Structure formats: C-alpha cells, structure tokens
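Here's the structure we're looking at; comments come further down.
Worth saying up front: this structure is predicted, and the values here are computed from it rather than measured. Side-chain atoms are counted along with the backbone in the values below, which use heavy atoms only and exclude waters and symmetry mates.
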Amino acid sequence: MVDTSTVGVAAARHLAAQAPAYVDAPVSGGVAGARRRTLMVMYAGTDEDCARVEPVLAGLSGRRRRVGDRPGQAQALKLANNFLSAVALAATSEAVAFGRAAGLDMAVMLEVLNASSGRSGATADKFPDEVLTGRYASGFSNTLMSKDMSLYLRETEALGGAAALAAVTQAVWEAFATAEPGADFTRVYPFTAEA
C-alpha cells in the first residue's frame, strides 16, 4: 500500500500496522505539480517496501526523497512543510494588508520582499500568481489547510513539541475555513485584509 494522502503520523503508523506492506508517501506541489510531474514525493518505509514501490513513485514525479525507514516519518515532514506554508501565507497576507493600508502598492511590496529577508513561497509564488492576479485558483482549499493544521497541532502536542505558533496558525485557518468553506487557500489574503 502506498499512501499519498496527508493523514498524520498516528494514522500512518496505524495503517502500517494493518497492512502487510505500507509506504507513507505524501506529496507536495498541488494540482499544477501533478500535471507537470514536479510534485515533491516524500516517502518512508522499510528498505524492502520502498524498493518495491520506487518505480510507482517514479511515475508520479521526478522529484522524490526517501525521508525515513518508518511509516509516519514522511507524514511528519509533510505536516511540517504545510505548517511553514500556512504560516508564510497567513503572515504575508497580514504584512501585505498592513502595507496596503499604509498606501503601498502590492506589486512593489512583493518585488522588495522577494529581494529581502521576508522572501518565502508565499511572496515568490502564491501572491504573484494567485493574489496579485486575482485568480485565487491554486488548487488547494482552505478546508484542506485547516485539516492539515489541525493534524500538525495534534501531532506536535502528542510528541511534546513546541506548538505556540501552531495553535495560532491553526486558529487562523480554522476561522477562514469556517467563514468560506472550500475557498482556495490563497483567498486567505482578502479574508485577512477584510478582518
């Protein structure tokens, strides 16, 4: 069994205990990455199981990385990745809303931010491609991000890790998903700007 869903560490471990062969293999890159075969496939499992599924994973994407030998490890990395993405997009939304309120042009802000220490995936990709253009069509919903942030928060608490930013971030995404269920996650900018 190759599980490309984002289900969390505990679920992956539970599934691995039930299946005779299980590889935890969540993906990052969205619909566009799937179409272009540029998804990042992170996977974890035993040497034998990973070797057996490598040809299948190669069919998904040219970008793959084995991250561990135990199911759940790829889930942990995927949740960490989505946490960073969620924080960056929400924080960029607040920063751009602040700048716009001060009279700054969004395109100018993004140009300067992307040449400065505030650069992130949100400033480099999401804002120029989805927010500035008004498309808001990245292919990933706020409902999924809210689910992933809830999983991340639950997993950090279970592992006894730091979760101060996770709690705040999860609350932002939960409020957005409740207000506009199923909206593209890049619409967090107008949601934040109008709050």
Side-chain angles (χ1 to χ4, degrees), residues 1-91 120-122 125-126 138-178 182 185 188:
M1 173 186 239
V2 178
D3 188 355
T4 60
S5 302
T6 304
V7 297
V9 176
R13 289 177 179 166
H14 175 76
L15 290 167
Q18 308 302 314
Y22 179 87
V23 174
D24 169 24
V27 299
S28 181
V31 174
R35 288 186 179 129
R36 292 190 309 260
R37 284 193 68 251
T38 59
L39 291 170
M40 181 63 213
V41 181
M42 52 208 91
Y43 63 103
T46 66
D47 291 344
E48 180 183 345
D49 291 344
C50 288
R52 287 174 58 199
V53 303
E54 178 60 31
V56 174
L57 299 178
L60 284 176
S61 178
R63 298 181 344 147
R64 301 172 307 285
R65 179 68 160 92
R66 185 175 178 199
V67 300
D69 59 3
R70 295 184 321 271
Q73 290 175 311
Q75 288 295 318
L77 186 52
K78 174 64 187 292
L79 290 175
N81 177 77
N82 280 17
F83 168 66
L84 290 173
S85 176
V87 169
L89 191 52
S120 69
D125 300 320
K126 301 301 183 287
S138 71
F140 191 71
S141 76
N142 62 354
T143 308
L144 287 174
M145 185 58 89
S146 179
K147 181 265 300 178
D148 288 355
M149 289 306 90
S150 293
L151 279 172
Y152 180 79
L153 182 59
R154 187 176 327 136
E155 299 291 0
T156 56
E157 289 171 346
L159 294 171
L165 286 176
V168 171
T169 304
Q170 192 275 336
V172 168
W173 286 97
E174 184 177 350
F176 176 34
T178 299
F185 85 130
V188 73

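- Applying the side-chain hydrogen bond (donor to acceptor under 3.5 Å, both in side chains) rule to Asn142 yields no partners; only residues at least two apart in sequence or on another chain are considered.
- Expressed to the nearest 0.5 Å, how far CE of Met145 lies from OG of Ser85 amounts to 4.0 Å.
- Pairing each heavy atom of Ala51 with each of Pro55, the nearest pair is O-CD, 3.7 Å.
- Considering all non-hydrogen atoms of both residues, Ala177 and Ser146 come closest at CB-CB, 3.8 Å.
- Annotation: side-chain hydrogen bond (donor to acceptor under 3.5 Å, both in side chains) contacts of Ser5 (sequence neighbours excluded): Asp3.
- With hydrogens and angles ignored, the 3.5 Å screen pairs a side-chain donor or acceptor of Asp24 with a backbone N or O of Ala74.
- Between the Arg35 side chain and the Gly30 main chain, no donor and acceptor come within less than 3.5 Å of each other.
- When all heavy atoms of Thr169 and Ala86 are compared, the closest pair comes out as CG2-CB, 3.9 Å.
- The aromatic rings of Phe83 and Tyr152 lie parallel to each other, with less than 30° between the two planes, well short of the 60° mark.
- Pairing each heavy atom of Leu153 with each of Ala163, the nearest pair is CD1-CB, 3.9 Å.
- Two residues are said to be in side-chain contact when any heavy atoms from C-beta on lie closer than 4.5 Å; Val172 and Phe176 fail this criterion.
- Between Leu39 atom CG and Leu57 atom CG the span is 11.0 Å, to the nearest 0.5 Å.
- We find the CG-CE distance between Leu79 and Met149 to be 7.0 Å, quoted to the nearest 0.5 Å.
- With hydrogens and angles ignored, the 3.5 Å screen pairs no side-chain donor or acceptor of Ser28 with any backbone N or O of Met40.
- Counting heavy atoms from C-beta outward, Thr6 and Lys147 have side chains that approach closer than 4.5 Å.
- The CG atom of Asn82 lies 11.5 Å from the CG atom of Leu89; values are rounded to the nearest 0.5 Å.
- The side-chain heavy atoms of Val56 and Val23, taken from C-beta on, include no pair separated by under 4.5 Å.
- Using modelled atom types, one finds a donor on one side chain and an acceptor on the other under 3.5 Å when comparing Gln170 with Ser150.
- To the nearest 0.5 Å, the span separating CD on Gln73 from CE on Met42 amounts to 13.5 Å.
- Checking side-chain atoms of Gln75 against main-chain N and O of Pro71 turns up no donor-acceptor pair under 3.5 Å.
- Although no hydrogens or angles enter the test, the distance criterion places a donor-acceptor pair under 3.5 Å between the side chain of Ser61 and the main chain of Arg37.
- Counting heavy atoms from C-beta on, the side chains of Asp148 and Phe140 come closer than 4.5 Å.
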The test is side chain to side chain contact (heavy atoms under 4.5 Å, CB included); show your working for Arg66 and Asp47 and say whether it passes. CA-CA 10 Å; Arg66 185 175 178 199; Asp47 291 344; 2.8 Å; yes
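- Electrostatic pairing of Glu54 and Arg64 counts as a salt bridge here, judged by a charged N lying under 4.0 Å from a carboxylate O.
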